[in-house]
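We use all heavy atoms of the structure for the numbers below, so side chains are in, but hydrogens, waters and symmetry mates are not. Atoms within each ligand, like the ligands themselves, are counted from 1 in listed order. Note that the structure is a prediction, hence the values are computed from the model and not measured.
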Amino acid sequence: MSATIIDGKHLAKTIKEELKHEVDRIRENGGKIPHLGAVLVGENPASESYIRNKVRSCEQCGFKSTLIRKPANITQPQLLSIIQDLNQDDDVDGFIVQLPLPDHIDEETVTLAIDPKKDVDGFHPVNFGRMALGIPAYLPATPNGILEMLKRYNIETSGKHCVVVGRSNIVGKPISILLSGKGYPGNCTVTLTHSRTQNLKEETLRADIIIAAIGRPDFITADMIKEGAVIIDVGINRVEDVTAKRGYRLKGDVDYNALLAKASFITPVPGGVGPMTVASLLMNTLNASKKLIY
Ligand code: BQF
């Protein structure tokens, strides 16, 4: 049996259509049009592409967006001052500072400067803490996108053993907390693994659900998974491909072709978790405009 492919691109399109309908209603009623701010520092090609996706998605949903571009040599105080302006701009419902930032800028200081009420990326410690405690919070976009995928494909999570591979603050750590929490999707028994885990294969072989967020192409191979496992591939690796227009193509953290025959559900790359990350950011921005979280 071949796995069901979780079509994140299509799901994200559906969610964006739902958002557009809601914004159309808001507009008819003279309500607040959701407005996302975005700050892009420097010219990292991956960041440029992510920001393009986000701005285009705002347009598709009828959201307002404001992109502030700054050169890589901007000083940290200058960037902090832009953040203060966005914090105080009553028309901007939420904003993001695209990561990664240049080396001379401290990401932690920048994240702490964002008003938690406008932190639609969910990276501020106040939102992380609220999420961990199960209080309404802006959830980080990638974990939230994964929950939305599990929900919309009716994938059972209660009592399942979920193995998360990778302990980043934006994916591995939060998705572990969310899937171990109460409710649906949740109630999983979660194992969080990382580079110092001994016998990783022993852990992944026990998994009903694997969340792969390592950042290495083809890291999870077919011999590492149980028959019928649900595979969520968060990896977005650029690998050289001379036949591709741009000279590279995107590849996930799992050996997709080999796992297809063994998994029950699997997310492709591209077109899996990535588009759901962008859709989640928009859902957070709509919630911010409605002051739904706090
Ligand atoms: C797709 C991101 C690592 C570090 C910082 C669609 C995106 C990616 C892939 C996208 C990501 C990854 C984003 C696809 C935003 C997801 O079709 O597979 C959309 O735009 N993403 C980001 O803003 O910062 C990152 C990954």
Atom 25 (C) of ligand 1: which protein heavy atom is closest, and how many Å away? Tyr50 CE1, 3.4 Å
Is the closest heavy atom of Val278 to ligand 1 under 4.0 Å? yes
Residues Lys160 and Asp208 bridged, charged N to O under 4.0 Å: no
Do Asp91 and Lys32 meet the salt-bridge criterion of a basic N to acidic O distance under 4.0 Å? yes
Is Ser49 close to ligand 1, meaning an N/O of one under 3.5 Å from an N/O of the other? no
Do the side-chain N and O atoms of His35 and Ser289 include a donor-acceptor pair separated by under 3.5 angstrom? no
Does any N/O atom on Gly271 come nearer than 3.5 Å to any N/O atom on ligand 1? yes
Taking heavy atoms and a distance under 4.0 Å, where does Ile236 meet ligand 1: side chain, backbone, both or neither? side chain
of all protein heavy atoms, closest to atom 23 (O) of ligand 1 is Lys54 NZ, 2.5 Å
Within the structure, does Asn53 bring an N/O atom to less than 3.5 angstrom of an N/O atom in ligand 1? yes
Between the side chains of Glu202 and Arg206, is the shortest nitrogen-to-carboxylate-oxygen separation below 4.0 Å, so that they form an ion pair? no
Between Leu250 and ligand 1, find which residue part has any heavy-atom pair under 4.0 Å and reply side chain, backbone, both or neither. neither
Asn127 and Tyr294: side chain donor to acceptor below 3.5 Å: yes
Salt bridge check, Arg25 against Glu28: does any charged N sit closer than 4.0 Å to a carboxylate O? no
Report the part of Gln98 (side chain from C-beta onward, or backbone N, CA, C, O) that has a heavy atom under 4.0 Å from ligand 1; answer both or neither where that applies. side chain
From Pro270, Gly145, Gly274 - option closest to atom 14 (C) of ligand 1 by heavy atom: Gly274
Relative to the ring of Phe265, is the ring of Tyr153 parallel (under 30°), tilted (30 to 60°) or perpendicular (over 60°)? perpendicular
